[in-house]
Protein chains: 2
Amino acid sequence: MPKNDNVLVLSPTPLYSQIREILRQRILDGTYQPHQQMPSESELIKAFSVSRITVRQALGDLQRTGLVFKIHGKGTYVSKPKAFQNIGQLQGFGEAMSRMGYETFSQVVGIKTLAAGKVVCSKLKVKEREQITELRRLRYLNREPISLDVTYVPKAIGDRLAKEDLEHRDIFLILENDYGLALGQAEIQIEAMLADESLARLLKVEEGSPVLRIERLTFTADGQPLDYEYLYYRGDAFQYRLRIERGHL
Amino acid sequence: MPKNDNVLVLSPTPLYSQIREILRQRILDGTYQPHQQMPSESELIKAFSVSRITVRQALGDLQRTGLVFKIHGKGTYVSKPKAFQNIGQLQGFGEAMSRMGYETFSQVVGIKTLAAGKVVCSKLKVKEREQITELRRLRYLNREPISLDVTYVPKAIGDRLAKEDLEHRDIFLILENDYGLALGQAEIQIEAMLADESLARLLKVEEGSPVLRIERLTFTADGQPLDYEYLYYRGDAFQYRLRIERGHL
DNA sequence: CTCCGTAACTTGTCATGACATGTCACATTC
DNA sequence: GAATGTGACATGTCATGACAAGTTACGGAG
């Protein structure tokens with residue numbers, strides 16, 4: 001009898017998604033300890049009164065994000081929290097650094113409104129010649145300049161951002177917490193280049209020094225492009241770290 | 001009647017996995033064109049004579065690797081190839097490139113056994129002075145040298161690898177398919193540097209050209225470090241692309 | 001003509017049941 | 001005692017069926 005008669009029914013979010021979040025919570029607060037053994041699927045089925053397919057979907061999500069791992073024939077285990085937090089998670093620079101105990105701030109070196117060029121235009125999916133905001137910030141880590149961020153957002157958002165405390169707050173966090181824009185994913189391209197004269201001056205390095213250039217297009221949860229950035233990191237002072245998973249494929 | 005009576009039954013690999021590969025093939029060879037519309041789930045069910053859950057697992061895999069995307073209520077579509085198949089999936093260089101239709105091969109420029117230095121030692125978690133294998137390969141994309149890979153693996157594995165066709169096969173695929181070592185995740189660090197004389201000569205660029213240096217430590221599915229690499233990519237010819245997700249899910 | 005409901009698609013979620021396969025502990029057998 | 005087999009239990013795979021929800025096109029009502 002495929003009738004849904006469950007205590008968990010309260011929000012319009014899928015069942016497996018609710019269960020996934022409950023399990024994530026328990027992992028994060030230590031109910032399920034770092035390196036061993038989650039309840040088995042059949043236990044979870046009884047505990048939540050759902051079918052196996054639902055439990056498996058919840059566990060599968062947690063596995064794909066790296067929070068748990070499974071061993072065929074044995075069970076599902078909680079992953080070790082692992083040295084660096086950055087699990088291929090989209091997060092802002094300050095967000096990542098402050099979590100590691102570094103002190104950061106940003107210096108706004110320019111903010112202006114201009115007509116979108118072709119590239120920005122196609123990335124942000126706005127009409128040609130539409131007004132957008134360009135924001136340039138120098139980011140400091142422990143008093144040293146470490147990167148130049150050039151950010152493009154639609155003018156509507158840019159005008160609001162201009163009034164915010166951009167020196168100490170991440171744009172990502174402002175967009176999410178203050179504006180209620182849920183961020184989804186980002187597409188990133190990373191390449192190596194040499195610092196030209198103006199970039200070298202800003203980052204306080206020699207002209208011709210190696211620079212990590214990251215292009216990042218960030219989308220809202222529902223897939224709208226929201227924020228297009230170029231990040232120029234000093235090659236001698238920054239490493240971009242991440243963890244990636246090998247798929248179940 | 002859950003009896004399996006299918007034409008596809010011939011190998012011990014899962015059905016959904018066979019279907020996934022067939023569909024991937026059709027996408028790569030253009031049977032399903034770049035930007036629109038895959039057969040619907042019900043069509044695939046009829047075509048392969050399998051259940052919906054199987055079709056969905058195959059399509060779900062393809063979606064997670066970025067090859068297709070779905071729109072609720074409309075259908076499943078082939079992603080534009082220009083985009084990033086590379087979704088934060090751990091994969092080898094050749095693996096990624098061939099999936100995008102590029103032709104690659106590797107030239108082994110050196111392979112030797114030596115005592116592990118401190119860094120390699122701590123990364124691979126082997127005892128100091130233990131023997132390990134260093135493998136140097138130049139990787140070509142469409143006839144052009146594009147990267148130098150320096151790989152460190154324990155001697156036991158290195159000895160086996162030395163007999164393999166390293167010119168045309170990815171190490172990752174050899175480890176997984178031939179040796180049965182399930183890869184789990186990798187930790188990656190990316191930074192920018194300048195090509196020194198020897199690196200410049202190998203990559204056929206000017207000395208002092210920008211180079212992307214990627215350090216990658218790969219683990220088996222059960223968490224054992226297995227393979228430690230330095231990848232030096234030509235900054236002018238390569239971009240490292242990936243997609244990352246915000247948040248928990 | 002426009003507006004709107006409905007029907008016919010699509011993918012999303014979930015239940016139930018079955019068998020395959022890997023792991024491990026325990027008891028049986030040699 | 002060591003090897004073997006067996007059963008309990010874990011996850012993996014797959015079938016069938018149902019309803020929810022988003023999209024689109026068509027046709028009737030205004």
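So you know, we letter chains A, B, ... as the sequences are listed, proteins then strands, and number each from 1. Given the structure is predicted, the values throughout are model-derived calculations rather than measurements.
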Review point. Between the base of C:dT13 and the side chain of B:Arg56, is there any donor-acceptor pair under 3.5 Å?
Key: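 A donor-acceptor contact between them is absent.
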Review point. Base, sugar-phosphate, or nothing for B:Leu59, non-hydrogen atoms under 4.0 angstrom?
Key: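 No contact.
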Review point. Are the side chains of B:Val150 and B:Glu229 in touch, meaning some heavy atoms are under 4.5 Å apart?
Key: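 B:Val150 vs B:Glu229: side chains apart.
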Let me know the distance between [atom1] of [X] and [atom2] of [N], rounded to the nearest Å.
X	N	atom1	atom2	result
B:Leu15	C:dT21	CG	C1'	16 Å
B:His72	C:dT11	NE2	C1'	5 Å
A:Leu44	D:dC9	CG	P	16 Å
B:Arg52	C:dT13	CZ	P	10 Å
B:Gln57	C:dG12	CD	C1'	15 Å
A:Gln18	C:dG12	CD	P	19 Å
B:Ile45	C:dC9	CD1	C1'	14 Å
B:Glu41	D:dA21	CD	P	17 Å

Determine: side-chain N/O of [X] to OP1/OP2 of [N], distance under 4.0 Å, yes or no.
X	N	answer
B:Lys70	C:dG12	yes
A:Thr54	C:dA15	yes
B:Ser51	D:dC14	no
B:Thr76	C:dT10	no
A:Lys74	C:dG22	no

Check your understanding: Quick one: on DNA chain C, does B:Ile53 or B:Glu43 contact a more 5' nucleotide (nearest heavy atom)?
Key ->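 Its nearest nucleotide lies further toward 5', so the answer is B:Glu43.
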Check your understanding: Going from CD on B:Glu41 to CD1 on B:Ile53, what distance comes out if it is rounded to the nearest 0.5 angstrom?
Key ->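 Reported value, rounded in 0.5 Å steps: 11.0 Å.
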**Study point:** Spacing of CD belonging to A:Gln57 relative to CG belonging to A:Asp61, to within rounding of 0.5 Å
**Key:**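 A:Gln57 CD to A:Asp61 CG: 6.0 Å, rounded to 0.5 Å.
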Practice item. Test A:Tyr228 against A:Glu215 for side chain to side chain donor-acceptor pair (under 3.5 Å), laying out the working first. Key: CA-CA 8 Å; A:Tyr228 183 55; A:Glu215 183 184 326; 2.7 Å; yes
Practice item. Test the B:Arg216-B:Tyr230 pair against the cation-pi criterion, namely NZ or CZ under 6.0 angstrom from the six-membered ring centroid and within 45° of the ring axis. Key: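 So B:Arg216 doesn't make the cation-pi contact.
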